[in-house]
Every structure is written in C-alpha cells, then in structure tokens.
Amino acid sequence: MTRLRVRDLACARGGVPVLSDVAFTLGQGRALILRGPNGSGKTTLLRTLAGLQPALRGTIDPGPEAVAYAGHADGLKGGLSVAANLTFWAGIFGTRDIAPALEAFDLTDLRERAAQNLSAGQKRRLGLARMVLTQRPVWIFDEPTVSLDTASVGLFARAVESHLAQGGAAIVATHIDLGLTADVLDIAQFRARAMDDPFATGVA
Amino acid sequence: MIRLVARDLMLAVRAGGGFGLGVAFFLIVVTLVPFAMGPDTTRLSVIAPGVLWLGALLACLLSLDRMFALDFEDGTLDLLATAPIPLEGVVAAKALAHWLTTGLPLTLVAPMLAVLLNLPAQGFTWLVVSLALGTPALSMIGAFGAALTVGLKRGGLLLSLLVLPLYVPTLIFGAEVARRGAEGMMVSTPLALLAGVSGSVLALLPFAAAGALRVNLR
Amino acid sequence: MSLWEYANPARFMVLSARIVPVSGGLAALCLVVGLVWGFFLTPDDYRQGSTVKIIYLHVPAAMLAINAWVMMLVASLIWLIRRHHVSALAARAAGPVGIVMTLIALVTGAFWGQPMWGTWWAWDPRLTSFLILFLFYLGYIALWAAIEDPDTAADLTSILCLVGSVFAVLSRYAVNFWNQGLHQGASLSLDKEKNVADVFYFPLLVCIAGFVLLFVTLVLVRTQTEIRARRLHALNLRARMG
Amino acid sequence: MPDLGKYAVSVLSAYGATFVLLACLVIWTIWRARRVARRLAEAELDMTNQRKRPRG
C-alpha cells in the first residue's frame, strides 16, 4: 500500500524555484532518506510535503493531513514541564495517552522537569516524542539527530522502526547513518532549471 | 482551541508580564493626563471618556508584537500550522488569550481610573460597556497586524503603524458611546455601530490573519 | 492573445517602453495646457476669489489619491488570485505615487481652507478621511520596504491592502458619523458637474487628464524599475546559491 | 500674470507646493529607474562572463 505519492513536484524558496520534477512513492513500512548538499532544497521539499508552503506545481497524494512534521525547532515551551508540553500536543492531535511517547524517547523520569532545564539532547528528544502523539501515517524529519548522542540516535531509530512496523512511513533528511533499512533519495537530481523563474529571462 | 487559550494564559501568568504591564501602562497614562491638562476637574471630566479609550487602546498595543513572535521563533507555529486545527482557530484563540490578559483587565480597571478623571457618574456603565464591546475588536485587529509582521526582526514599530489606522472605526464608535453616556445622551446608535464593527472584525479578520501567518511560515 | 500575456515581465517591459514616451508627453501637454488655461485664462469666482484656481490641483490630486488605492486593490487581488508578478509590482509602484497625490490634496486643501474657512486644518470628514488614507499608504509602503523576500512581501502587502480597503471605507463612514463637516462637497465633485461653472469645468477636465496620464506614466516607469529590481534580486540570489 | 488679489499667497503657495512635490516624485522615479537599470546591466554582464568562463 502506498503511503505517499509525489509526482512532478516543483518547490520554491524565497520566490526562486529550487526543485522541479520531484517524483517518488513511499510504501507502507518504508523509510526514505533524503540526501543532498546544503542549500539543495531538503528543507524546502519537506516543508512543502508538510503543507507549510505551497508547491509551484505537481501533486502530493494524500495531502498534508497525513503528514506529521518535525523541523529544526522543537516548539517547546520552557516554562512548562515535559509532561505538560506533550499533553498540550496530545490534546491538539486528539490523543489521550502520552506515556508511549515518553517511553519511546526515554523521558519518563524527566516528565515533571521544566523544559527549559533540559539539556539540548533531551529537548530534541522531547520534540521528537511529539511525533508519536500525532497518529499520522507519514513522519517527516528535518535533521532530527542534531545534538543527539549515539544512544539517543538509537532511540530515535527504534521509534521510527516501530512506527514503520505499525504500517507507517517516514522521510528523514539527515547526513548520518541511522542504521535504518531505508531507500536513499539524492535530491540534487531535481535541481530546478533556471527557466522556472518568471524573472529568469532578461527583462532589459 | 480551548487548550491553546489555556496554555497561552498559563504562559502569560508564568511570564508575569501579560496581566500587569498593560494595566500599569493604562494607569500611568491616565495619571499623566492631569499633569498635561491641568487639575481643573470640570475640564478633566469632559475629556475623561476619550482619554480612557485612548489609554486603553494604546495599552492594548503594547503586548501585540509578542502574540505570535514567541511561537514563531520556537517553531510552535510551524507545528500548529500542520496540526489538525484550522489556523483561523489558532488566530482566534491567540486573540482571545490576548484579550483575556489585556482587554478584559483594562475594562475592569477603567472605572477606577475614571474616578481619577472625574467621569460623571452616569458615564461609568457606558464606559465599561463600550470597552467590553470594543476591546475584543482591538485584540483581533492587533492579531492581524501581529500576523503580518511576525517574520520581521524589528516589527514592533511597523506593527503600530499598521494597526493604529485600523483602530480608527472602533475608537470613533467606542469613544462616542462613552462620551454620550457621560453626557447623558442616547447611546443606542453608536453602540449598535460599535457592536457591528466588533462583530464583523471578529468574524472576518481571523481569515486574513491566518492567511498572513501562512505566508510568513513559508 | 489574452490580456494576461502582458503579465509576463519581458512582454510588459516591451509594451510599457512603447507607452511611456507617449503617455509622458501627453501628460506634460495636458498639464501645461490645463494649468495655463486655468491659472491665466479663467476669471475669479465671485465667492471664492482667486482661490478657485487651486481646484485645478486639488481635485485631480484628490481623485488620484483614491483611485491609486483602488488600482492597488485591484492589482493586489490579481496577484492573490492569478499570481501575476507584474501585478504585484505594479501595486508596489503605485504606492508612493498615491501617497504623494494624497499629500498634494491635503496641502492644497490646507492652502485653500485657510482663506475660505479661516483655518489651515479642520476635522472635517473629508480632510480626516484623507489623513487616514495617508496613514494607510504609509503602512503599506513601510510593509513593502520591511520584508526582504519579494513574494512574501507581495502576499502580505496584498492582504494588508485588502483589509485596509475595507477599513478605509469603514473609517469613511465612521468619520462621517463622528462629524458632519463643513466641506462644500457638491461644488467640487464631478458627478454634480452643474455646480461647477463651465468656465472652470473644462480646464479642470484637462488637468484631470494630465494628472491621470502623469500617474499612468509614473506607475509604468516605477513598475519597470520594480521588475528590474526583482530580476536583480533573482540574479543575486542565484549567485549566492552558486 | 493674473491679479490674484488678497489670496495671492494662498494660491501661489498651493501651486508651489504641488510643483515641488510632483517634481520630487518625478525626479526620484527617474533617478531610481536609471540606478536600478544600471545595476541590473552590470549584474547581467557578470552573469554572462561567468557562463563563458569554463568552470573549474
């Protein structure tokens, strides 16, 4: 079963097209690793898939309502506890129980700690734990392993694996080896041609 | 949505600034007016409704730039935009939280400050009614301005420049209700117009503000 | 060929380059003829004396102040709905022209009001509305200037223009309610042309034509400039991205 | 020169102010048009030169 089908997708950053003719399908239980040099448009592609920015053209099927997105920032409130942060998102996504999310990212012992007193790695884990609460089939991560140590990267990989085992799918933009069985997509091949910019041709 | 309001209120209380700042500003403005206008109580009582409305309006403006800025910086807004609640709802919730921490306290302290300015006794009710009806519109218009400027580094001044002209109709009708109330005249016409302005602002601006937020999140 | 083809920047550049000399020349001609006719060859009004000559500046500027905003509104809508870049840039180009027209209307109004009403400024509904319109222009221009990304700026200013238009109309009615005013509106507006004697009316028409042509020329030139600036932005961005 | 009577100052000031404002607008528009056109021409030239040069 296909979880995500992308066809003929073109995206822009700052009004300038960076990617075009992006096409791939993501099956149930599959993970996709995005690779490409800095500035090649990984973040742009992921934000487009998450529905945060409109595509110039092309189709994404199903739409953003199937996608849970974890970007560079974790969206944590320092003044609230770990549990309160997660409970808020659980409420937004209509999930009751935050225990599985705490467990998956080894946060159970920290649940009453205020988010501002967490280490950078712990904050990241808290941010990633939110994905468990979303109950959405396709997880999208943009550089999820920043500030994570080896053990935490392992936690993250296991959480993604268990999501895949439950029939989900995942797209991860990362430079390190996560130890996941995954397809690799190099997005450098989708670099937009200059012609896509309405101001590409000379205007005298 | 309720959760969002509740969380914003909790964060405002924890941060401390939310409730106090606007009210304190309002108090200071009203205290300064007699120093500028002279202590003559008859003169003060004439200008009291206008001064109170203007003070409340400026106090509303103070905390606007933080309405979305914090959530924008820490990525919460990205996540809310991808969450299964409409962004229009997020805007409405934010405006409501802003009103509860700013507009509502201002409305409640306005009668006390009105005493300082010698507002005629018959004007108190209409002052409170006009503020209660008008300040939600001020918060919503402010939310629109904040949504427009959320991506900017120093958006605070620009925010005031954008929002203040939009405050004109609300101010005119709101202050008119308070003034006519203080003079013992009929208030029904401006009151109906004020309610109309507030109602349409609350009904329509969330869409414009959500549109602006979506653009800023790209 | 559909009208929308002109929304292509390159095509617009070619077309506007052809129009600008013509419209600019006609604008200069109309302004010279209209103002000379109005200033030197028309009599004084029996009531207003020589101040009636201010009409040739005040009325065209006031008309354009409002119509420039309407044009910006239309252009903003076209941008939001059909995503034509030229449309967004034309709206941006019209902003500074509109604010100068508003300023001219306000200043000439003050110079006219001083001898007629005995005051430079009155909180008359029309004057007040123009002052509010001036503030709207200011906010619109400032928002364009503040945002670096051109498409984001186009989107946000378009939304502001839309919302601002609604509030401008609302303010107009609010201000009317708030103060009934002393402007002898009827004698100055064209739809009630009977109130303006023919002797003033015809030079006024020529002046209006001159102002409109000047506006068109300036907006076209400024739109060209905005298109070039946009292209420059795209080139710089590409150079940075390598 | 027509006789403007007692309102001469008002009328002349209105005309003067208008001409100054319009002149500023026109001059600014032309100046900016020229400057942007020149900078774009330079940038286009750089661009073509870069393309001609072999990469490496």
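Sequence lines set the chain letters: A, B, ... in the order given, protein chains first and strands last, and positions in each chain run from 1.
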* Sub-4.5 Å side-chain heavy-atom contact between His85(C) and Phe12(C) -> no
* Winner by heavy-atom pair count (cut-off under 4.5 Å) against chain C, out of Ala14(D), Ala43(D), Ala37(D) -> Ala14(D)
* Asked: Heavy-atom distance under 4.5 Å to chain C: side chain of Ala17(D), backbone, both or neither?
  -> side chain
* Asked: Looking only at heavy atoms, which two atoms of Ser16(C) and Gln224(C) are closest? And how far apart?
  -> OG-NE2, 2.8 Å
* **Leu214(C) versus chain D, the contacting section by heavy-atom distance below 4.5 Å** => side chain
* **Arg34(D), CZ atom: more than 12 neighbouring heavy atoms under 6.0 Å** => no
* **Greatest number of heavy atom pairs closer than 4.5 Å to chain D - which of Val52(C), Leu57(C), Leu35(C)** => Leu57(C)
* Structure fact -> Per-residue tally against chain D (heavy atom, under 4.5 Å) across Arg222(C), Met101(C), Glu226(C) peaks at Arg222(C)
* **Validation row: Tyr15(D), Lys53(C) side chains within 4.5 angstrom (heavy atoms)** => yes
* To do: Examine whether an atom of Val9(D) lies under 4.5 Å from a heavy atom of chain C, and if so say whether it belongs to the side chain, the backbone or both; otherwise answer neither.
  => neither
* **Heavy-atom side-chain proximity of Leu235(C) to Leu40(D) below 4.5 angstrom** => yes
